[in-house]
Amino acid sequence: MVGDSDVGPVEVGRWDRELTRRVMAAVRPIVKVYYRSEVRGLDNVPAGASLMVCNHSGGVVTPDAAVLAVDYYDKFGYDRPLYVLAHDLLFHPPAAELLVHLGVVHASPDNAAAALASGATTLVYPGGDYDVYRPTVRENIIDFGGRTGYVTTAVQAGVPIVPAVSIGGQENQFYLTRGRWLARALRLAGLERRLGRTDILPISVGFPFGLSVLVPVNMPLPTKIITEVLKPIDVIAEYGDDADVVEVDAHVRRVMQAALHRLSRKRRIPILG
């Protein structure tokens, strides 16, 4: 999500080409062998700046960005950085400094604007923690939890929105509930918001720990992940400079939902794909 973090644009521009190349080489066997990942439609990514918007899956060990990044750099090389707007929860030492050099920055309006102003493809998961822990019974539903900041970001930057959908990641374990009710019942919601801008306490069932309430972290199953990049939406051309944010958001989600339904109809067996 493009949030309200007070982290400024200083993070953008610290991307390290050679470090990213080495990390992608290390990550590639994981996403290509363990997850048997496929990324389709990268030809739809414009040459200039764009805001790529994707659904989010897989809980705390989500592989979404890694799956997309490996194929992005395989196609476009390392002269076109991919910036990823990420939740504050990821940025804990010592990983925080490494992430910034890989182009993973806090999901703040300033970072988003700076990344797009640099001409980069910028990836955001508007649903954030709300989306990544969606119940398994709703695994193929596009739901950003009412978050529309990404539309404002695209309009202000004058860049197209590039929708993308991913399927398979939510099969890495069985997600029972986001646990918002549990967080409230245990009076944890306020504490969680202060620590990480979230008010959920997700409950899932997986391997090897079985029932998990956020922690312990179960090992993700080797589910096949397919990501498809869709045609860009030129928000300014279609809706004008004073675009209705709610209307644009509804359109983006409709396009994504249709694509996700198409992918789900072709998926034969959970985990195997």
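- Of the possible polar contacts, one joining the R36 side chain to the P222 backbone as a donor-acceptor pair under 3.5 Å is found.
- Note on V132 and V215: same hydrophobic cluster, where clusters join Ile, Leu, Val, Met, Phe, Trp and Tyr whose side-chain heavy atoms are under 4.5 Å apart, directly or indirectly.
- Distance alone, capped at 3.5 Å, is enough to place a donor-acceptor pair between the S118 side chain and the A115 backbone.
- In this structure, F207 places its CZ atom where only 12 or fewer heavy-atom neighbours from other residues, nucleotides or ligands lie under 6.0 Å away.
- Using modelled atom types, no side-chain atom of D249 and backbone atom of T148 make a donor-acceptor pair closer than 3.5 Å.
- No donor-acceptor contact under 3.5 angstrom links the side chains of N172 and Y35, judged on distance only.
- Counting heavy atoms of neighbouring residues, nucleotides and ligands inside a 6.0 Å radius, atom CZ of R21 exceeds 12 of them.
- Shown here for P81 and A120, the closest heavy-atom pair between the two residues is O-CB, 3.8 Å.
- Residue I200 holds its CD1 atom at 8.0 Å from CZ of R180, rounded to the nearest 0.5 Å.
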(request) Please step through side-chain contact (heavy atoms from CB on, under 4.5 Å) for the pair V248 and E238, ending with a clear verdict. (result) CA-CA 9 Å; V248 176; E238 294 187 33; over 6 Å; no
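- S57 and R134 are linked by a side-chain donor-acceptor pair at a separation below 3.5 angstrom, with hydrogens and angles left out of the test.
- By the criterion of side-chain heavy atoms lying less than 4.5 angstrom apart, applied directly or through intervening Ile, Leu, Val, Met, Phe, Trp or Tyr residues, V12 is grouped together with L98 in one hydrophobic cluster.
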(request) Determine, step by step, whether K32 and E38 satisfy the salt bridge (charged side-chain N to carboxylate O under 4.0 Å, His left out) criterion, reporting the C-alpha distance in whole Å, the side-chain angles of both residues, the deciding distance to 0.1 Å, and the verdict. (result) CA-CA 8 Å; K32 290 302 179 185; E38 296 179 34; over 6 Å; no
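- In this structure, V229 and V45 have side chains that are in contact, with non-hydrogen atoms separated by less than 4.5 Å.
- Closest heavy-atom contact between P163 and K231: CD-O, 3.3 Å.
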(message) Quick one, D71 with K75, criterion salt bridge (charged side-chain N to carboxylate O under 4.0 Å, His left out). Give me CA distance, side-chain angles, the key distance, then yes/no.
(response) CA-CA 6 Å; D71 280 59; K75 180 172 180 62; over 6 Å; no
(request) Using the salt bridge (charged side-chain N to carboxylate O under 4.0 Å, His left out) rule, take D79 and R17 through it: C-alpha gap first, then chi angles, then the decisive distance, then the call. (result) CA-CA 8 Å; D79 292 324; R17 177 186 288 104; 3.5 Å; yes
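- Shortest non-hydrogen contact noted between L85 and H106 is CD2-O, 4.0 Å.
- Counting only distance, with no hydrogens or angles, the side chain of T62 and the backbone of D64 share a donor-acceptor pair below 3.5 Å.
- L263 and V137 fall into different hydrophobic clusters, where Ile, Leu, Val, Met, Phe, Trp and Tyr side chains are chained together by heavy-atom contacts under 4.5 Å.
- At least one donor-acceptor pair closer than 3.5 Å links the side chain of Y175 to the backbone N or O of G58.
- Formation of a donor-acceptor pair under 3.5 Å by the Y130 side chain with backbone atoms of R147 is not found in this model.
- Once rounded to the nearest 0.5 Å, the distance linking CG of L82 with CG of L68 reads 7.0 Å.
- D131 contributes no side-chain N or O that, together with a main-chain N or O of F144, makes up a donor-acceptor pair within less than 3.5 Å.
- At least one side-chain heavy atom of R80 sits less than 4.5 Å from a side-chain heavy atom of Y72.
- Taking all atoms of both residues into account, the shortest heavy-atom contact from I161 to A154 is CG1-CB, 3.6 Å.
- Taken to the nearest 0.5 Å, the NZ atom of K224 stands 9.5 Å off from the CZ atom of R268.
- Considering all non-hydrogen atoms of both residues, N218 and G210 come closest at ND2-O, 3.1 Å.
- Inter-residue side-chain proximity for V165 and T227 is flagged as unmet; no heavy-atom pair is nearer than 4.5 Å.
- Between Y125 and V53 there is no side-chain heavy-atom pair separated by less than 4.5 Å.
- Put simply, I225 and I141 are part of two different groups of oily side chains (I, L, V, M, F, W, Y) that touch within less than 4.5 Å, one to the next.
- Grouping Ile, Leu, Val, Met, Phe, Trp and Tyr by side-chain contacts under 4.5 Å, direct or through others, puts L221 with I271.
- The OG1 atom of T136 lies 5.0 Å from the CZ atom of F174; values are rounded to the nearest 0.5 Å.
- No donor-acceptor pair under 3.5 Å is formed between the side chain of R40 and the backbone N or O of E228.
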(request) In sequence, state the C-alpha distance, the side-chain angles, and the governing distance for Y78 and M24, and then conclude on side-chain contact (heavy atoms from CB on, under 4.5 Å). (result) CA-CA 10 Å; Y78 292 88; M24 289 301 107; 3.3 Å; yes
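- Here E97 pairs with R14, H101 under the side-chain hydrogen bond (donor to acceptor under 3.5 Å, both in side chains) rule; sequence neighbours left out.
- Under a 3.5 Å cut-off, the side chain of Y83 and the backbone N or O of L102 do not form any donor-acceptor pair.
- Using bins of under 30°, 30° to 60° and over 60° for the plane-to-plane angle, the ring pair Y239/H251 lands in the tilted bin.
- Within the 4.5 Å cutoff, the side chain of F91 has heavy atoms near those of the V104 side chain.
- In the hydrophobic clustering of ILVMFWY residues, with side-chain heavy atoms under 4.5 Å counting as a link, V205 and V217 come out together.
- Here the CG-OG distance, from L176 to S212, works out to 10.0 Å after rounding to the nearest 0.5 Å.
- Proximity of P46 to V162: side-chain heavy atoms (C-beta onward) are separated by under 4.5 Å at one or more points.
- The side-chain heavy atoms of R254 and M256, taken from C-beta on, include no pair separated by under 4.5 Å.
- You'll find the side chain of V155 stays beyond 4.5 Å of the side chain of D241, heavy atoms only.
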(message) Would M219 and F209 count as a side-chain contact (heavy atoms from CB on, under 4.5 Å) here? Give the steps.
(response) CA-CA 9 Å; M219 178 179 175; F209 301 109; over 6 Å; no
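- By the 4.0 Å N-to-carboxylate-O rule, R178 lies too far from D129 to be salt-bridged with it.
- In this structure, NE2 on H56 lies 9.0 Å from OH on Y133, to the nearest 0.5 angstrom.
- A pairwise comparison of heavy atoms in A66 and V27 identifies CB-CG1, 3.8 Å as the closest pair.
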